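Working notes for the structure below.
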2 protein chains.
Amino acid sequence: MSFKTIEYKGDSVVLIDQTKLPSKEVYAVCKDYKAVGRAIKNMLIRGAPAIGVAAAMGVAIGAAGIVADDFDTFKKRLDKICDHLSQTRPTAVNLFWAIDRMQNVVEANRGKSVKQIKKALIAESKRVLKEDISICKLIGANGADLLDDGDNVLTHCNAGALATGGYGTALGVIRGAHSQRKKIHVYADETRPFLQGARLTAWELMKDNIPVTLITDNMAGHLMKKGLIDKIVVGADRIASNGDAANKIGTYTLSVLAKEHKIPFYVAAPVSTFDFNIRTGDEINIEERDTAEVTHVFGKRIAPENVSVRNPAFDVTPNKYITAIVTERGVLRKP
Amino acid sequence: MSFKTIEYKGDSVVLIDQTKLPSKEVYAVCKDYKAVGRAIKNMLIRGAPAIGVAAAMGVAIGAAGIVADDFDTFKKRLDKICDHLSQTRPTAVNLFWAIDRMQNVVEANRGKSVKQIKKALIAESKRVLKEDISICKLIGANGADLLDDGDNVLTHCNAGALATGGYGTALGVIRGAHSQRKKIHVYADETRPFLQGARLTAWELMKDNIPVTLITDNMAGHLMKKGLIDKIVVGADRIASNGDAANKIGTYTLSVLAKEHKIPFYVAAPVSTFDFNIRTGDEINIEERDTAEVTHVFGKRIAPENVSVRNPAFDVTPNKYITAIVTERGVLRKP
């Protein structure tokens with residue numbers, strides 16, 4: 001990749017500020033866990049796997065800043081930090097998965113000095129990042145065979161390098177097929193209200209010289225009807241035990257359109273996106289974000305003052321609309 | 001209505017500049033037919049019936065400016081003006097319908113003086129406006145019975161007072177039900193890329209104190225799945241003989257979602273929107289507009305430079321997805 005989504009560098013967490021893309025490629029330097037928490041909440045970094053990596057690094061940098069000699073004091077303060085970070089965004093399960101994983105490291109090192117535990121946490125957060133990239137590459141390799149030479153692939157939001165440690169999930173599948181020398185052309189939904197498709201997916205695919213055409217979300221159905229879309233690949237923020245998948249608002253609509261037009265609809269996500277504590281997608285907490293995301297674009301008002309607004313950030317696609325889920329362990333098809 | 005969409009006033013065509021809404025309510029004063037043509041092309045005025053009225057007034061003001069004493073010279077020059085106006089936007093059939101109607105007035109007055117014909121054309125264009133408002137009110141009255149007290153009605157783009165001489169087609173149906181004292185709550189799709197829903201529909205419903213909630217286009221499916229949408233009502237720019245309807249891009253997707261969720265899907269349009277010269281929607285010319293509408297919002301760039309873009313302004317909803325078409329002559333249901 002020609003850029004790094006996030007890294008633990010010196011005593012800072014450094015991440016590309018995705019709210020500034022595509023016009024500016026600037027990096028935010030987070031010196032403490034609160035800065036990491038703000039970066040997640042305000043979507044400087046977003047995408048379920050990337051949120052997981054950021055949360056792990058947030059816990060690590062939070063731990064590093066704790067002044068405590070004994071384990072119990074350290075543990076109590078770290079739990080508070082974990083609590084704080086877990087309240088940044090409610091839908092992506094990878095956030096909670098990463099925090100749990102970091103807390104398990106603390107428990108596993110109970111006998112060691114606080115200094116040693118702090119080091120172990122930083123090392124673990126770097127491992128989460130490294131593993132995430134490896135997982136994405138496996139997802140890419142597993143999913144690549146689902147795409148054919150010459151395919152026009154529609155994707156929604158950004159499930160790319162920017163949404164993960166690197167390489168991407170849905171875009172990982174596209175990168176996998178591309179690296180097999182298949183000619184793939186991507187249609188990227190702009191993905192209102194936050195415009196991750198226009199700002200991020202278009203940007204990172206152009207950086208990698210993968211052909212991409214930008215459309216508004218409401219054009220996808222028209223293109224499908226015209227026979228211009230061969231496959232749909234999206235990411236996921238949380239997948240229930242039964243395979244229902246929460247993803248960026250608008251994904252569900254694409255799945256209904258895919259069914260109507262008999263187009264394969266694939267979800268690409270690491271196993272850590274599965275939440276086996278919930279049976280169906282109905283139990284997934286859907287984040288409702290600030291109405292200003294809808295009424296304003298880059299600070300410019302586009303709707304009347306005081307207009308009533310809904311802004312659910314995600315929707316749930318029932319398993320029956322999903323052709324297969326591509327993970328690092330293989331491709332799960334409907335029974 | 002608390003505003004006038006368009007009027008022939010003195011020797012000018014005055015229209016509310018819809019590209020400035022909702023932040024500014026300013027009126028464009030067109031002194032000649034070229035200014036009217038530009039207003040149509042650049043969407044200062046838009047919406048199939050309003051385009052028809054504007055075209056009629058454009059012909060009238062164009063005629064007024066012709067310097068000619070004999071009928072043949074006058075007619076030749078007027079035909080050129082009609083040609084010019086007919087090339088402003090290709091999809092709305094009302095444009096061609098209105099121009100034909102004005103040309104018929106010229107023929108019908110062949111024996112009269114040029115001065116008399118000019119007067120007749122101005123009178124005719126005012127009649128087109130007046131009739132359009134009456135037609136909308138009939139559409140509203142005919143469609144009102146389709147909506148029930150307490151309904152949540154989804155609409156797309158702006159098929160309102162701003163899209164017509166006044167009152168609206170889809171919003172005419174809503175106004176009709178509202179005037180029957182039914183409690184109607186409207187969900188307005190923002191309607192990218194031109195944001196007619198966010199800028200115009202929200203604005204005119206708020207002006208009329210009809211409850212409206214703004215959503216992004218990709219939220220509609222999620223709301224339908226949650227049972228929050230009872231009916232869908234949209235306008236149309238051209239309807240083929242078989243009932244296939246061209247309307248703002250994104251309409252087709254809503255019709256597929258409506259089918260999946262068993263929600264009635266209504267098209268509201270005057271009879272002049274029917275194009276009996278074409279058999280099916282496949283024959284409708286879909287306007288592809290400037291890519292800057294997608295890459296920029298109010299002049300602000302939201303996508304990478306040089307990104308490839310599609311920008312079809314309309315799509316076609318096949319008749320099988322349409323529950324009924326509401327016209328001034330009655331409600332046409334599927335056989």
Side-chain angles (χ1 to χ4, degrees), chain A residues 21-23 156 187-193 195 197-199 202-203 206 211-223 225 228 248-257 259-261 286 291 294-295 297-312 314-316 318, chain B residues 21-23 156 187-193 195 197-199 202-203 206 211-223 225 228 248-257 259-261 286 291 294-295 297-312 314-316 318:
Chain A
L21 288 172
S23 39
H156 190 64
Y187 281 103
D189 275 349
E190 66 172 5
T191 318
R192 279 282 289 151
L195 295 166
R199 298 190 299 105
W203 182 80
M206 287 172 82
V212 56
T213 299
L214 176 66
I215 58 170
T216 62
D217 301 300
N218 58 19
M219 290 173 191
H222 174 66
L223 296 186
K225 183 158 155 278
L228 295 173
K248 182 56 50 197
I249 188 76
T251 304
Y252 167 64
T253 289
L254 294 184
S255 77
V256 171
L257 288 166
K259 177 189 162 201
E260 187 73 10
H261 298 91
I286 298 293
T291 58
V294 174
T295 55
V297 174
F298 281 106
K300 175 82 191 166
R301 172 172 283 283
I302 60 159
E305 298 209 26
N306 303 317
V307 67
S308 165
V309 171
R310 284 293 312 273
N311 188 16
F314 303 94
D315 58 27
V316 174
Chain B
L21 288 172
S23 38
H156 190 66
Y187 281 103
D189 275 349
E190 67 173 6
T191 318
R192 279 282 288 151
L195 295 166
R199 297 190 299 105
W203 181 80
M206 286 171 83
V212 57
T213 298
L214 176 65
I215 58 171
T216 62
D217 302 299
N218 58 18
M219 290 174 191
H222 174 66
L223 296 185
K225 184 157 154 277
L228 295 173
K248 183 53 52 195
I249 187 77
T251 303
Y252 167 63
T253 290
L254 293 184
S255 78
V256 172
L257 288 166
K259 177 190 163 199
E260 187 73 11
H261 297 92
I286 299 292
T291 58
V294 174
T295 55
V297 175
F298 280 107
K300 175 82 191 166
R301 172 172 284 282
I302 61 159
E305 297 210 27
N306 302 318
V307 67
S308 164
V309 170
R310 285 290 314 272
N311 187 17
F314 303 94
D315 58 27
V316 173

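Protein chains get the first letters and strands the later ones, always in sequence-line order, with residue 1 at the start of each. Everything numeric in this text was worked out from a predicted model, so none of it was measured.
Here the CZ atom belonging to Arg310(B) is positioned 9.0 Å from the CD1 atom belonging to Ile215(A), to the nearest 0.5 angstrom.
With Lys259(B) contributing its side chain and Glu260(A) its backbone, the two residues share no donor-acceptor pair below 3.5 Å. Proximity of a side-chain donor or acceptor of Asn218(A) to a complementary backbone N or O of Arg192(B) within less than 3.5 Å is detected.
If you tally non-hydrogen atom pairs under 4.5 Å between each of Ala303(A), Ala202(A), Ser255(A), Pro318(A) and chain B, the highest count goes to Ala303(A). Ranked by non-hydrogen atom pairs under 4.5 Å with chain B, the options Pro312(A), Pro211(A), Ser308(A), Ala198(A) are led by Ser308(A). Of all the listed residues (Thr253(B), Asp189(B), Leu214(B), Val297(B)), the one sharing the greatest number of non-hydrogen pairs under 4.5 Å with chain A is Leu214(B).
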Exercise. Could you give me the CA-CA distance, side-chain angles and deciding distance for Asp217(B) and Thr216(A), then say whether side chain to side chain contact (heavy atoms under 4.5 Å, CB included) is met?
Key: CA-CA 9 Å; Asp217(B) 302 299; Thr216(A) 62; over 6 Å; no
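With a 4.5 angstrom heavy-atom cutoff, Lys248(B) does not touch chain A via any of its atoms. Only the side chain of Leu223(A) comes within contact range of chain B, judged by heavy atoms closer than 4.5 Å. Interface residue Met206(B): only side-chain heavy atoms are found under 4.5 Å from chain A. Both the backbone and the side chain of Ile302(A) come within less than 4.5 Å of a heavy atom in chain B. Using a 4.5 Å cut-off between heavy atoms, Asn311(B) contacts chain A through both its backbone and its side chain. Neither the backbone nor the side chain of Ser23(A) comes within less than 4.5 Å of any heavy atom of chain B. When heavy atoms are compared at a cutoff of 4.5 Å, Asp315(B) approaches chain A by way of both its backbone and its side chain. Proximity to chain A (any heavy atom under 4.5 Å) is shown, for Pro304(B), by both the backbone and the side chain.
Between Lys225(B) and Tyr252(A) the shortest heavy-atom distance is CD-CZ, 3.3 Å.
In this structure, Val294(B) and Met219(A) have side chains that are in contact, with non-hydrogen atoms separated by less than 4.5 Å.
For Phe314(B), there are no ring pair (Phe, Tyr, Trp, His ring centres under 6.0 Å) partners at least two apart in sequence or on another chain.
Legend: salt bridge (charged side-chain N to carboxylate O under 4.0 Å, His left out) pairs involving residues 299-308 of chain A, not counting sequence neighbours: none detected.
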